[in-house]
Number of protein chains: 2
Amino acid sequence: MKRPTIADIARRAGVSKGAVSYALNGQPGVSEATRKRILAIAQEIGFNANSAARALSGARARAVGLTLCRPARILGIEPWFMGLISGFEAELGAQSYALTLQVVASPEQEVEVYRRWWGERRIDGVIVTDLRENDVRIPVLQQLQLPAVVIGGSGEAGAVTQIWSDDGGAITEAVRYLVALGHFRIARVSGVPDLLHTQVRTKAFNQVCASLGLTDAVTVPADYTGEEGSRATRRLLIGGDRPTAIIYDNDVMAVAGLAVAQEMGLSVPGDLSIVAWDDSPLCSLVHPPLTALSRDVSGYGAQAARELLNAIDGRRVGNVQAQTAHLTPRGSTAPPRP
Amino acid sequence: MKRPTIADIARRAGVSKGAVSYALNGQPGVSEATRKRILAIAQEIGFNANSAARALSGARARAVGLTLCRPARILGIEPWFMGLISGFEAELGAQSYALTLQVVASPEQEVEVYRRWWGERRIDGVIVTDLRENDVRIPVLQQLQLPAVVIGGSGEAGAVTQIWSDDGGAITEAVRYLVALGHFRIARVSGVPDLLHTQVRTKAFNQVCASLGLTDAVTVPADYTGEEGSRATRRLLIGGDRPTAIIYDNDVMAVAGLAVAQEMGLSVPGDLSIVAWDDSPLCSLVHPPLTALSRDVSGYGAQAARELLNAIDGRRVGNVQAQTAHLTPRGSTAPPRP
DNA sequence: CCCCGTGACTTAACCGGTCAAGTACACTCC
DNA sequence: GGAGTGTACTTGACCGGTTAAGTCACGGGG
C-alpha cells in the first residue's frame, strides 16, 4: 500500500506542498478555511508525516534512547527497569515520542551506542541509568552535546540534567525502624558496589549504624541477582553471631534471602527480619509479605522522561530530587525473639 | 558538535558523495585502494550514516517495533516480556537494528500505533504478542503489508509469519507427571482467557484430564497478576475437595499461590504440589523452588526476531515451531500425602 | 490614481543519503 | 587505428518533509 505524502494531500486540495506543511503544523500562512480542508483530507486518507523526512529537514527525530546494561538473566526478573520503562512511556507516548531500547553488556558499549544513535540522528536524547563513579558516559554525553537525564546521582554528572532520590535518608529510616523494634545485629546485602547509588547507601548505612552504636553492622556486596542474594544471605546466617535483620538493596535478593532463611528452618520474622528495597508487587506476593522501602518507580520514570523532554527543548533544569523511598512495614519485620 | 556527513568524507578524500556511498556500502564502483582510504577517513572522524536520510531514500528504517499491551503494574514483574526483549535484542543488535517500544492499553491502541509507525516509516516491521481470537491486529497488518511475526498461535494469523510452541503438549506432560506422582485432583489457574494460547492450554488440559479420568479437573481464569493468582488459589483451596496439585499459567501466579498455601498452613509439596509455567529465575528463588514448564524465553525471542528480519527481507517463512516447554521438576512437586 | 502593507499562497532550496545514468580513461583485440 | 569493453569514478535526480524568499491580489490611505 502506497503511503500518502503531503504531495498527495496537496494535489487533492489543489494547493502546494508548502501550504500543506503550514496547515498541518498550525503555522500561519494559510487561511482558516484551507487549513480545515487540508486537515480533513489528511484525516481521510490517513496521513502520517514521514518521520525520516521530518528528521532530515532539521527537526527532531521524536525518539529517545535507553540502554540497559545488565545481563539478560537479571533484566527479566528485575521489576525496576520495567517500572521505569512504563513510566517513561506514559510521558513519551503523550508527546508521541518513541522509546528506543538497546541491551548492552558494558558501559563502554553504552558509549558506543550513544555515539551511533547520535550520529545516525536516531534519537533526540537519552536516559542514563546505573551511574558509576567517574562514569565514562558523562564526558561523552557532554562532548556530543546529547541531551540526557541521569537517573540517580546528584551532582556527579556535571552539567547533565539529573534526577535522584535520597537513598541515604531512606536507608537511615529503615535502620532506625529496625533498631526501634529491638534489633542491634543488622546486616545489609548490597547491589553492585561500582554503582553510585550503592555507595551512597553503604555510606549512609555505615553512618547511621555507627551513630546508633551498632558495631557489627556489615554490608555484603552482591549483584542484584537471586543467586548472589542467596549466597550472601547464607554467608550471613551461618556465621556465629548471625544478624537478626537484613536489609536488601532490591526485592529480588530479598525474596531469595527469605527462601534461604526458610530453607535453614529460620522463621521470618521470628528469627530474622527482612527489609527489601524497591517495593514491586513481588514483595506482597511472597509469604510473609516483605517490609519494603517503597517508591513510585514508574512515577520516577515519568518524571525523568519529563525532564529529558525539557532538556531536548533546551529548557535546562540542573538537578531534580524525586520522592524519597518510604518504609512500608509488612509481615517480614518484627521484634527479634529474646 | 557538527555531525559528519558523507559530503565531509568526500571532501577529505577528494572524491564525490556517490563514491563514498559505494565505498561505505561495499558496493562495486570504487577501487580497493579508494575504498580503504574512505573507510579509514570515516573511521577517523567517527562517521555514522544519518538514518533519516537513509530511510528517506527508500532504504530501511532499520528499526522494528514492539507494543506491550498489559497494565504497567503487571509488566514490571512479568519476566516473560523482558526475557523476550533481551532475546530480540541479541538478534537485532547484531544486525544493528533498533527496537522501538510502546506500552499501550488495548489492542485497538496497538493498531493505532502500528498505523502511525508505518505511516511515519519509523519501523520496518513489528513483533506481535498476545494473539487473541479474531485478533483485530492481523487484518491491519495485512492491509498495511507491514512485515510482522506473530508470537504464539499457529495458523490463526493468516498469511503473517508466525512462531509458536506446543503449549498443549507441555501441559499434557505436566498433567501426566502429576498423575504419575499419584495426584488425581488437579486444578489449573490460567492466564487471561481471551488470549489464544490460554485457550490452547485450556483445551489440552481438559482433554488430557478427561482421557486420564480426572473428572474434577477445573481451570480458574485469572490474569497473570499475583493478586489474581492469590485469589484463584484461595478459592481453590477453601473448597471441600481441594486439589492436591495446581498448575499455573505463569510463574508470578505460582509464587503467589505458594504464598497463599503457606499462609493457610499447608505444606508444599506435602499438601499441595505446584507447577509453574515459564521458568524464570523467580521459580528457583523461592522456597521450595518451583517445578516449572521451562523454555528458553530469550531464545524464543531471538528466533522471532530472526524470522522478522527474514520477513522484512522478503524471505517469507510461514510458520515456525519453537522448542516445546519441558518439565523441570523441583521441590514444589511430590506425591500427595495419603 | 498610485503606493504600500498584508494575507494567502507558490516556488525552490535544503537536509543527507542512494542509485541510475553518464563520462573519462586505460586496455585489449582484430 | 579504431571499435569495443571494463573500471573507476562523477553527476544529478530523488526520497518527503521544512522554510526562507518570492509572487500576487486586494484594500486602504494619502
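Quick note on labels: first sequence line is chain A, next is B, and so on, each numbered from 1. Since we're looking at a predicted model, the values are computed, not measured.
Protein atom CZ of A/Arg62 is 14 Å distant from nucleotide atom C1' of D/dG17, rounded to whole Å. Straight-line distance from the CZ atom of A/Arg121 to the P atom of C/dC15: 11 Å, rounded to whole Å. Separating the CZ atom of B/Arg60 from the C1' atom of D/dC15 is a distance of 15 Å, rounded to the nearest angstrom. Computed from coordinates, the B/Ile6 CD1 to D/dT11 C1' distance equals 13 Å when rounded to whole Å. Remark: C1' of C/dG17 and CD of B/Gln27 are 13 Å apart, rounded to the nearest angstrom.
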Identify each donor-acceptor pair in which a side-chain atom of residues 5-12 of chain B lies under 3.5 Å from a protein atom, sequence neighbours left out, and give them as a table.
from    : atom 1 : to      : atom 2 : distance (Å)
B/Thr5  : OG1    : B/Ala7  : N      : 3.2
B/Asp8  : OD1    : B/Arg11 : NH2    : 3.3
B/Asp8  : OD2    : B/Thr5  : N      : 2.9
B/Arg12 : NH2    : B/Glu44 : OE2    : 3.1

Show me the side-chain donor-acceptor pairs of residues 87-101 of chain B shorter than 3.5 Å, one per line, residues at least two apart or across chains.
from    : atom 1 : to       : atom 2 : distance (Å)
B/Glu89 : OE1    : A/Val103 : N      : 3.4
B/Glu91 : OE1    : B/Arg306 : NH1    : 3.2

Practice prompt. Would you give a per-nucleotide map of nucleotides 5-14 of chain C, 5' to 3', where B means the base has a protein non-hydrogen atom under 4.0 Å away, S means only the sugar-phosphate does, and - means neither?
Written response: ---SBBB---
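For D/dT18, one of the phosphate oxygens OP1 or OP2 lies less than 4.0 angstrom from a side-chain nitrogen or oxygen of A/Ser21. A sub-4.0 Å separation between OP1 or OP2 of C/dG16 and a side-chain N or O of B/Arg54 is absent.
For A/Asp124 (side chain) and A/Val64 (main-chain N/O), no donor-acceptor pair under 3.5 Å exists by modelled atom type.
By the side-chain hydrogen bond (donor to acceptor under 3.5 Å, both in side chains) test, A/Ser165 pairs with A/Asp167, A/Arg295, sequence neighbours left out. Remark: B/Trp164 pairs with B/Asn319 by the side-chain hydrogen bond (donor to acceptor under 3.5 Å, both in side chains) rule, at least two apart or across chains.
Using a 4.0 Å cutoff on non-hydrogen atoms, no part of residues 40-51 of chain A comes near DNA chain C.
For B/Leu56, the listed nucleotide lying nearest its side chain is D/dC15; candidates were C/dC19, D/dC15, D/dG17.
Closest heavy-atom contact between A/Pro147 and A/Ile312: CB-CG1, 3.9 Å. Between A/Val140 and A/Arg115 the shortest heavy-atom distance is CG2-NH2, 3.9 Å. Nearest heavy atoms, B/Asn50 versus A/Leu56: ND2-CD1, 4.0 Å.
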Practice prompt. Run the numbers on A/Thr67 and A/Glu110 for side chain to side chain donor-acceptor pair (under 3.5 Å), then give the verdict.
Written response: CA-CA 6 Å; A/Thr67 53; A/Glu110 279 186 275; 2.5 Å; yes
